[in-house]
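Numbers for residues simply follow the sequence, beginning at 1.
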Amino acid sequence: MALKCVPIFFCSQKPQSLLEIPALGYSRGRIVLDLRPIRLECCALGASAQSAICLVEDEKPGAKTSPTGKIDNDGNTISRGFHKDLNLLPKPLSKTDLSPFPDDGSNVRVAFQGISGAYGEDAALKAYPNCETVPCDQFEAAFNAVELWLVDKAVLPIENSVGGSLHRNYDLLLRHRLHIVREVLLVVNHCLLALPGVEKQEVKRVLSHPQALAQCEMALTKMGIVRVSADDSAGAAKIVASSGRRDMGAIASARAAALYGLDILAEKVQDEDDNVTRYLVLTREPIIPGTDRLYKTSIVFTLEEGPGMLFKALAVFSLRGINLSKIESRPQKGRPLRVVDDSNKGSAKYFDYLFYIDFEASMAEQRAQNALEHLQEYARFLRVLGCYPMDEVL
């Protein structure tokens, strides 16, 4: 059976000239990138194994559009043609994965933010036990590593059951053209670490990532310990190991303690015992979803102006019995405010939002196709971020 090349997003930019590739180097085994505001875009993605790569500016989902799908006089591509031309929506497919990599991750390079021992590395190893993990200084460096073909995949934390959503990473999903192909639910066990022989009462300061510190706030306050932010939890453990200070500790994983020769003074220091972080696995090419297991689809869209538009947008899923597992709103950076004119009271301004939604259905199901087709009646901009198997907490 021949497979068609199925675009799952659109671009509303005018053609851009190629820019210089960012400076790239290695520092202590970590990927270090010059993160200037450029991105790589897969210009044709889908079932085909090939894709063209070009550099583009940040997309502007709030740009003025027209239902014609043509090009304006100033050279800007009109984006409304995407969601008015129903042929451009992903079509139902049957195969589950065209990835050339084995399930255990053999010969797969996976980027994560932090250094060895970070929770992101734990998530990568849970998804691909035999993969080669590649540490990156920043989340955006991990995105760029995939786009520059330095690694095969990247792992990105997106929300935590205690700390909530990581809003910066939602913004990165829109800025870059990678595809979500998997989710990983990782049970987090925050441990209080210190130098060998140190007693718990000796620790007066702890280092860790701000998210980890926030998840342990009440426990650390009860211990009377001062909190100090670090770039990542494993990096904090490494600092403590090299400092030689008995009054300094770190909040990190048990694996970080083993890697850097620290003692575990206490486990499950987090305020809530059930602490789970959801990670997304990102690649250059999407997988082809199926119906052999439970799938989740992630999308982002903006809405036309008018009363009840968000209600109408969400109703397209309810009408087809599709469960929404997540909804997140983020103000548009390029168009933060909408103006509503009123002849009696002047003009009113309010935020213009991007809506990120996860729904529990596969793009191989007709009901999901119909829901997105219906959503296009209300959406100014729509992009499918990925369709992928749902994970379970082990």
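Residue Thr283 comes nearest to Asp152 through the heavy atom pair CG2-O, 3.9 Å, listed as atom of the first residue, atom of the second, then distance. Nearest heavy-atom pair across Val203 and Ala194 is CG2-CB, 4.2 Å. Minimum heavy-atom separation, Tyr119 to Tyr279: CB-OH, 3.3 Å. Heavy-atom minimum distance, Thr297 versus Cys387: OG1-SG, 3.3 Å. Contact between Ala256 and Gly117 at its shortest, heavy atoms only, is CB-O, 3.8 Å. In this structure, Gln376 and Leu382 approach most closely via the heavy-atom pair CG-CD2, 3.8 Å.
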Report task. Would you check, one step at a time, whether the test ring-ring contact (aromatic ring centres under 6.0 Å, His included) holds for Phe381 with Phe301? Result -> CA-CA 5 Å; Phe381 161 87; Phe301 61 91; 9.1 Å; no

Query raised in the report: What do the steps show when you test Ser116 against Glu121 for side chain to side chain contact (heavy atoms under 4.5 Å, CB included), and what is the final call?
Result: CA-CA 7 Å; Ser116 294; Glu121 186 177 42; 3.8 Å; yes

Query raised in the report: Going through the checks in order, is the side chain to side chain contact (heavy atoms under 4.5 Å, CB included) test met by Phe355 and Val300?
Result: CA-CA 5 Å; Phe355 297 97; Val300 57; over 6 Å; no

Requested in this report: Give the intermediate values and the outcome of side chain to side chain contact (heavy atoms under 4.5 Å, CB included) for residues Leu262 and Leu195.
Outcome: CA-CA 5 Å; Leu262 298 177; Leu195 293 173; 4.0 Å; yes

Query raised in the report: Checking side chain to side chain contact (heavy atoms under 4.5 Å, CB included) for the pair Leu174/Leu354: CA distance, chi angles, key distance, verdict?
Result: CA-CA 10 Å; Leu174 185 63; Leu354 287 160; 3.3 Å; yes

Report task. List the steps and the verdict of salt bridge (Lys or Arg N to Asp or Glu O under 4.0 Å) for Glu159 and Arg278. Result -> CA-CA 5 Å; Glu159 60 180 331; Arg278 177 173 171 242; 3.0 Å; yes

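Remark: side-chain polar atoms of Thr291 are not paired, donor with acceptor, to backbone N or O of Ser362 under 3.5 angstrom. No donor-acceptor distance shorter than 3.5 angstrom exists from the side chain of Asp263 to the backbone of Leu265, with no hydrogens or angles considered. When atom types are taken as modelled, the side chain of Arg330 and the backbone of Asp171 share no donor-acceptor pair closer than 3.5 angstrom. Without hydrogens or angle criteria, Arg367 side chain to Gly321 main chain gives a donor-acceptor distance under 3.5 Å. For Arg227 (side chain) and Leu220 (main-chain N/O), no donor-acceptor pair under 3.5 Å exists by modelled atom type. Distance alone, capped at 3.5 Å, places no donor-acceptor pair between the Gln215 side chain and the Ala212 backbone. In this structure a side-chain-to-backbone donor-acceptor pair under 3.5 Å is present from Ser243 to Val240. The backbone N or O of Gln211 lies less than 3.5 Å from a partner atom in the side chain of His209, making a donor-acceptor pair. Panel note: side chain Gln113, backbone Gly120; no donor-acceptor pair is recorded below 3.5 Å. A donor-acceptor pair under 3.5 Å is absent between the side-chain atoms of Asp247 and the main chain of Glu202, judged by distance alone.
Lys238 contributes atom NZ, which lies 12.0 Å from atom CG of Asp231 (distance to the nearest 0.5 angstrom). The structure places SG of Cys216 at 4.5 Å from NE2 of His190, a figure rounded to the nearest 0.5 Å. Within the model, atoms CG of Leu314 and CG of Leu324 stand 6.0 Å from one another, a figure rounded to the nearest 0.5 Å. Between the CD atom of Glu267 and the SG atom of Cys191 there is a distance of 4.5 Å, given to the nearest 0.5 Å. Interatomic distance, OG of Ser161 versus CD of Glu272, reported as 8.0 Å (0.5 Å rounding). Distance check: Leu186 CG to Asn275 CG gives 9.5 Å after rounding to the nearest 0.5 Å.
Remark: Arg246 does not engage Glu199 in a salt bridge, criterion side-chain N to carboxylate O under 4.0 Å. Taking a cutoff of 4.0 Å between a charged side-chain nitrogen and a carboxylate oxygen, Glu140 and Arg168 qualify as a salt bridge. Ionic pairing of Asp391 and Lys126 is present here: one or more N-O contacts between side-chain nitrogen and carboxylate oxygen are shorter than 4.0 angstrom. Ion pairing between Lys268 and Asp274 fails under the 4.0 Å rule for side-chain N and carboxylate O. Between Glu147 and Arg284 no salt bridge is recorded (no basic side-chain N to carboxylate O distance below 4.0 Å). Ion pairing of Lys326 with Glu328 is present here, as a side-chain N (NZ or NE/NH1/NH2) and a carboxylate O approach within less than 4.0 Å.
When the side chains of ILVMFWY residues are joined at heavy-atom separations under 4.5 Å, either directly or via intervening members, Leu193 and Ile239 end up in a single hydrophobic cluster. Hydrophobic clustering (side-chain heavy atoms under 4.5 Å, transitive across Ile, Leu, Val, Met, Phe, Trp, Tyr) keeps Leu319 apart from Ile357. Val226 and Leu207 fall into different hydrophobic clusters, where Ile, Leu, Val, Met, Phe, Trp and Tyr side chains are chained together by heavy-atom contacts under 4.5 Å. Using a 4.5 Å cut-off between side-chain heavy atoms of Ile, Leu, Val, Met, Phe, Trp and Tyr, with links allowed through other members, Phe112 and Leu173 fall into different hydrophobic clusters. Cluster membership for Ile251 and Val228, using ILVMFWY side-chain heavy atoms within less than 4.5 angstrom, is shared.
At least one side-chain heavy atom of Asn144 sits under 4.5 Å from a side-chain heavy atom of His176. Put simply, the side chain of Leu372 reaches to within 4.5 Å of the side chain of Met363, judged on heavy atoms. At least one side-chain heavy atom of Arg383 sits less than 4.5 Å from a side-chain heavy atom of Arg177. Contact check for Val281 versus Val184: side-chain heavy atoms found under the 4.5 Å cut-off. No side-chain heavy atom of Val276 sits less than 4.5 Å from a side-chain heavy atom of Val188. Contact of the Ile299 side chain with the Leu375 side chain is registered, since non-hydrogen atoms from C-beta on lie closer than 4.5 Å. A heavy-atom distance below 4.5 Å is not found between the side chains of His374 and Asn370. Two residues are said to be in side-chain contact when any heavy atoms from C-beta on lie closer than 4.5 Å; Tyr170 and Ser329 fail this criterion.
With Tyr128 as the aromatic partner, Arg182 meets the cation-pi criteria of under 6.0 angstrom to the ring centre and within 45 degrees of the ring axis.
In summary, the side chains of Glu285 and His179 do not present any donor paired with an acceptor at a separation below 3.5 Å, with no hydrogens or angles considered. Between the side chains of Ser298 and Asp358, at least one donor N or O sits under 3.5 Å from an acceptor N or O.
Aromatic ring orientation, Phe317 versus Phe359: tilted (interplanar angle from 30° to 60°).
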